[in-house]
Amino acid sequence: MARPARTTIQQPDGRHVYLYGDHTPAPAGYQAPSIQPGAYQRRWNPLRREWVLVAAARQGRTFLPDRSQCPVCGSTPGHSTEIPAARFDAAVFENRFPGMLATGDRPREPGVRIEPSSGVCEVVVYTDEHEGSFGTLAPQRLDLLVEVWTDRYRALASREDVQYVFIFENRGEAVGVTLHHPHGQIYAYPFIPPVPDIELRAGSRGCLQCRLLADELADGRRVLIGERGLVAYVPGYARWPYEVHLVVRAHLGALPDLPAAGRRALGSAMQRVARAYDSLFGVPMPYMMALHQRPTDGRDHPQAHLHAEFYPIMRDQGKLKYLAGSESGAGVFINDTLAEESAARLRQRM
Ligand SMILES: [Zn+2]
Ligand SMILES: [Zn+2]
Ligand SMILES: [Zn+2]
């Protein structure tokens with residue numbers, strides 16, 4: 001797929017909407033929703049040496065609306081949504097309930113290191129069809145979605161205030177999703193977040209992803225997919241039951257580095273993983289998907305290696321894995337499955 005057509009619309013409150021592929025304009029009388037004022041800042045935790053994003057305006061978020069009130073379906077004459085179009089292939093818009101927002105405020109609080117909020121939070125609407133999920137997207141929509149991710153990575157990477165473009169999906173109410181329409185998100189952070197940062201540091205003497213990939217392929221027991229330039233496996237050290245890492249076999253740092261065919265292959269492999277999850281326990285699997293790519297802080301990061309990580313949070317039929325005392329208070333995960341057995345079970349579903 002060549003670069004998809006993109007139409008940019010700026011809402012009256014300044015937020016951008018990007019319509020990808022084809023669309024039909026919003027009905028007459030469309031009224032854009034607008035962002036509410038709030039306290040946006042980032043605060044430094046000196047003990048953990050990490051940033052906490054404060055977004056004290058998110059409580060009014062739409063919570064599991066009816067289909068007729070869905071805020072990301074196409075707009076109809078009686079219902080103006082976030083999307084200024086009656087129908088569309090895929091859409092991205094700046095979140096009205098963002099975790100980060102450049103407000104120009106310079107908040108102060110004694111004893112706390114506070115920086116003004118900056119960065120961008122976008123919502124990626126995979127399709128204008130309300131029902132379904134990433135796993136059920138039609139092939140053309142899936143291909144378009146990966147091109148949308150690629151375009152957003154490029155666009156956000158070019159911003160001075162963005163050091164890391166994080167594409168992710170939270171799927172299922174159990175992961176805090178407040179909206180069923182198939183969608184994901186992008187957080188463009190003004191710093192490199194701790195998880196990718198730790199991974200990049202671990203690879204400072206040569207790419208660790210490449211080495212782990214070779215080890216998994218040599219062993220084979222935990223490998224789920226090994227074709228079309230991609231390898232998916234349950235890492236031997238998985239934190240989550242049924243955790244899957246999907247790694248591009250070539251040492252490439254980000255989506256734009258992949259040829260278009262490679263991006264298509266990545267999308268369909270990701271979808272195979274999502275489908276395997278849904279068939280594992282016969283219910284839609286709640287999961288988090290994280291795409292790790294090269295930081296966009298202007299430095300080289302030669303060890304960056306594009307991959308997706310899936311964290312399904314169900315450990316058995318009807319049983320959720322919670323981040324409890326050991327995980328949250330000590331940073332030690334307890335996984336009550338063996339990666340080798342999880343891989344065997346998932347392989348049967350692929
Ligand atoms: Zn919808
Ligand atoms: Zn590598
Ligand atoms: Zn990673």
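Values below: all heavy atoms of this structure, side chains included; hydrogens, waters and symmetry mates excluded. Each ligand, and each atom within it, is numbered from 1 in the order the structure gives.
Here the angle centred on the Zn ion (ligand 2), running from SG of C207 over to ND1 of H305, is 100°, rounded to 10°. Angle SG(C210) to the Zn ion (ligand 2) to ND1(H251): 110° [nearest 10 degrees].
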Under 3.5 Å, sequence neighbours excluded: what are the donor-acceptor pairs made by side chains of residues 98-110?
| unit_1 | atom_1 | unit_2 | atom_2 | d |
| --- | --- | --- | --- | --- |
| T103 | OG1 | D105 | N | 3.2 |
| T103 | OG1 | D105 | OD2 | 3.4 |

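At least one side-chain heavy atom of H245 sits under 4.5 Å from a side-chain heavy atom of Y233. Counting only heavy atoms from C-beta outward, the side chains of N95 and E122 never approach each other to under 4.5 Å. Side-chain contact between R171 and P284: present, with at least one pair of heavy atoms (C-beta onward) separated by less than 4.5 Å.
Using a distance-only test at 3.5 Å, with no hydrogens or angles considered, a donor-acceptor pair links the side chain of D257 to the main chain of A254. Side chain of E94 to main chain of H16: a donor-acceptor pair is present (N/O by atom type, distance under 3.5 Å, no hydrogens or angles).
Remark: D151 engages R6, Y20 in a side chain to side chain donor-acceptor pair (under 3.5 Å) (not counting sequence neighbours).
Checked against the 6.0 Å centroid criterion, the rings of F281 and Y242 qualify as a close aromatic pair. Ring centroid separation for the pair Y287 and Y311 does not come in under the 6.0 Å cut-off.
Listed by chain and number, the protein atoms of type N/O/S under 2.8 Å from the Zn ion (ligand 3) are E199 OE1, E199 OE2, H292 ND1, H307 NE2, E309 OE2; waters are omitted. Shown here are the protein N/O/S atoms lying under 2.8 Å from the Zn ion (ligand 1), water excluded: C70 SG, C73 SG, H130 ND1, H181 ND1.
Residue R113 qualifies as enclosed at atom CZ: its count of foreign heavy atoms under 6.0 Å is above 12.
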